[in-house]
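Below, read A as the first sequence line, B as the second, and so on, with proteins coming before strands; counting in each chain starts at 1.
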Number of protein chains: 2
Amino acid sequence: MVSRHISKRLLNYRSALVQLKKMGFDYVFSKTIGEETGVSSDVVRKDFSNMEIRGKRKVGYKVDDLITKLDEMFGKTCCFEIIVVGIGNIGKALTKYENYLSDRIKIKAGFDINPSRINVDNKIPILHFDEVETFVKENDIKVAVVTVPEISAQLVCNKLVECGIKGILNFAPVMLKVPDDVFVKNISFADEITRVFYHAKVN
Amino acid sequence: MVSRHISKRLLNYRSALVQLKKMGFDYVFSKTIGEETGVSSDVVRKDFSNMEIRGKRKVGYKVDDLITKLDEMFGKTCCFEIIVVGIGNIGKALTKYENYLSDRIKIKAGFDINPSRINVDNKIPILHFDEVETFVKENDIKVAVVTVPEISAQLVCNKLVECGIKGILNFAPVMLKVPDDVFVKNISFADEITRVFYHAKVN
DNA sequence: TAGATTGTTAATCGATTAACAATC
DNA sequence: TAGATTGTTAATCGATTAACAATC
């Protein structure tokens, strides 16, 4: 199990590799991958070395092998089944344009408490949040995206944990509190923008 | 200038502090802030010490002082003026529900190349991307959010840099290449979800 | 062969954690 | 006073960078 820090970098490699493959590369140098993902070639080689991937001197690394290895590590195609809780603007955007999330991720349903948002006939059905427990258990869902307002985020989160959810991607601007065996990644748009201003030094 | 790593933590403190203030706290212990943001009290004290914020033994830190100090550091209210480029699902969600972004951030305009999406009468005007240069220069915009498809992201980015944009929050699943004096933060929904699966160990 | 590239080991750097003195 | 809390210094840990041997 690699750290969060490294998992991020490895997934950057993966998307660069998919792109390079599309461009016709069979083999790539650590230097190329580094340039595409903004790290030095040393880091790339170190990471591959740790993953027990070998390259060939003067030839580079086989693109297909790298992608296969990364997929083994992060899980095969099509096992990323998730639900989206909170069908406001962001939640709606996610459920509407599913391909945004790549063909490897499947949104099985959306949930909301507002009856006007419910739509069982939708390509991705939007159900009432009261049904979340049944749905999660029947479909063996383990990961949820939370896009509810700040005020209800912790309550929604508690319910999801109770249903057996083990991973949460949270867009509500609160840091959710969860038991040790649940993983949460919080993303706050406001904070990210604030940080862009700060690091771009335009304040 | 603190590292990216630390800027994130400091903004977590800020939102916890705003919340605590609303709850009636005038003073808080490092321990409380730590609990709210998922770090140890030692880290909190160390960070405050580095920022030259002093607390009182047995009393804690003054909430208002902390918020003021953090705001000084990250910029005062209302100077976060941005544009959103690409009015697809995510871009539309951002421009529609601006308050999501907190009252400190102001979206001045949206841009797209699709004429059907253009709407100058909107509360947040949606303009043609051809007008971006004029707009950015006239309004002295320094930060942009990019929510265009992968295929056009780098081209859009190049144009923005040419216009004088210094900070970009990018939701397209490519790592944008920019000159050294431009700061980019890439967020890939697909990668974030994949990482949640990985770290939640549900694969 | 010379140059380029991998892959490993050692050195450096930065961030976190631990320890503890100061004192309210 | 004893206990709780701050704030600093030292120790540890992990990640990055540098150095370099191996070899295609």
message: Strictly below 4.0 Å: does B:His5 bring a side-chain N or O up to OP1 or OP2 of C:dT16?
response: yes

- request: Name the closest nucleotide to the B:Ser49 side chain, picking from C:dA15, D:dT8, C:dT5.
  value: D:dT8

field: Any A:Gln154 side-chain heavy atom under 4.5 Å of A:Leu176 side chain
entry: yes

field: Atom-pair distance (NZ on A:Lys31; C1' on C:dT6), nearest Å
entry: 14 Å

- prompt: Whole Å only: how far is the OH atom of B:Tyr27 from the P atom of D:dT5?
  reply: 16 Å

query: In whole Å, what is the span from the CG atom of A:Leu66 to the C1' atom of C:dT6?
result: 13 Å

query: Between C:dA15 atom P and B:Lys8 atom NZ, what is the distance in whole Å?
result: 15 Å

- prompt: How is B:Tyr61 classified with respect to the nucleic acid when contacts are heavy atoms under 4.0 Å: base, sugar-phosphate, or nothing?
  reply: sugar-phosphate

field: B:Ile168 side chain near A:Val196 side chain, heavy-atom distance below 4.5 Å
entry: no

message: If I take atom CG in residue B:Asp65 and atom P in nucleotide D:dT6, what distance separates them, rounded to the nearest angstrom?
response: 15 Å

- request: Whole angstrom is fine here: how far is it from CZ in A:Arg4 over to C1' in C:dT16?
  value: 15 Å

message: Looking at B:Asp64 and B:Lys21, is there a salt bridge between them, counting it only when a charged N and a carboxylate O are closer than 4.0 Å?
response: yes

field: Base-pairing assignment for D:dT23 (Watson-Crick or G-U wobble, both under 3.5 Å)
entry: C:dA4

query: Is A:Ser41 touching bases, backbone alone, or none of the nucleic acid, heavy atoms closer than 4.0 Å?
result: nothing

- request: Could you tell me whether the side chain of A:Thr194 reaches within less than 4.5 Å of the side chain of A:Tyr198, counting heavy atoms only?
  value: no

query: Do other residues, nucleotides or ligands put more than 12 heavy atoms under 6.0 Å from the CE atom of B:Met23?
result: no

message: From CZ of B:Phe48 over to C1' of D:dG7, roughly how many Å is that when rounded to an integer?
response: 13 Å

- request: Look through every strand shown and name the nucleotide pairing with C:dT17 as Watson-Crick or G-U wobble, where both distances are under 3.5 Å.
  value: D:dA10

query: With a 4.5 Å limit on heavy-atom distance, are the side chains of B:Phe189 and B:Phe171 in contact?
result: yes

- prompt: When you check every protein heavy atom under 4.0 Å of nucleotides 17-24 of chain C, what one-letter string (B, S, -) results, 5' to 3'?
  reply: SBB--BBB

message: Any base atoms under 4.0 Å from B:Ser3, or only sugar-phosphate, or nothing? Heavy atoms, all strands.
response: sugar-phosphate

- prompt: So, B:Asp65 and B:Arg54, do they make that salt bridge, N to O below 4.0 Å?
  reply: no

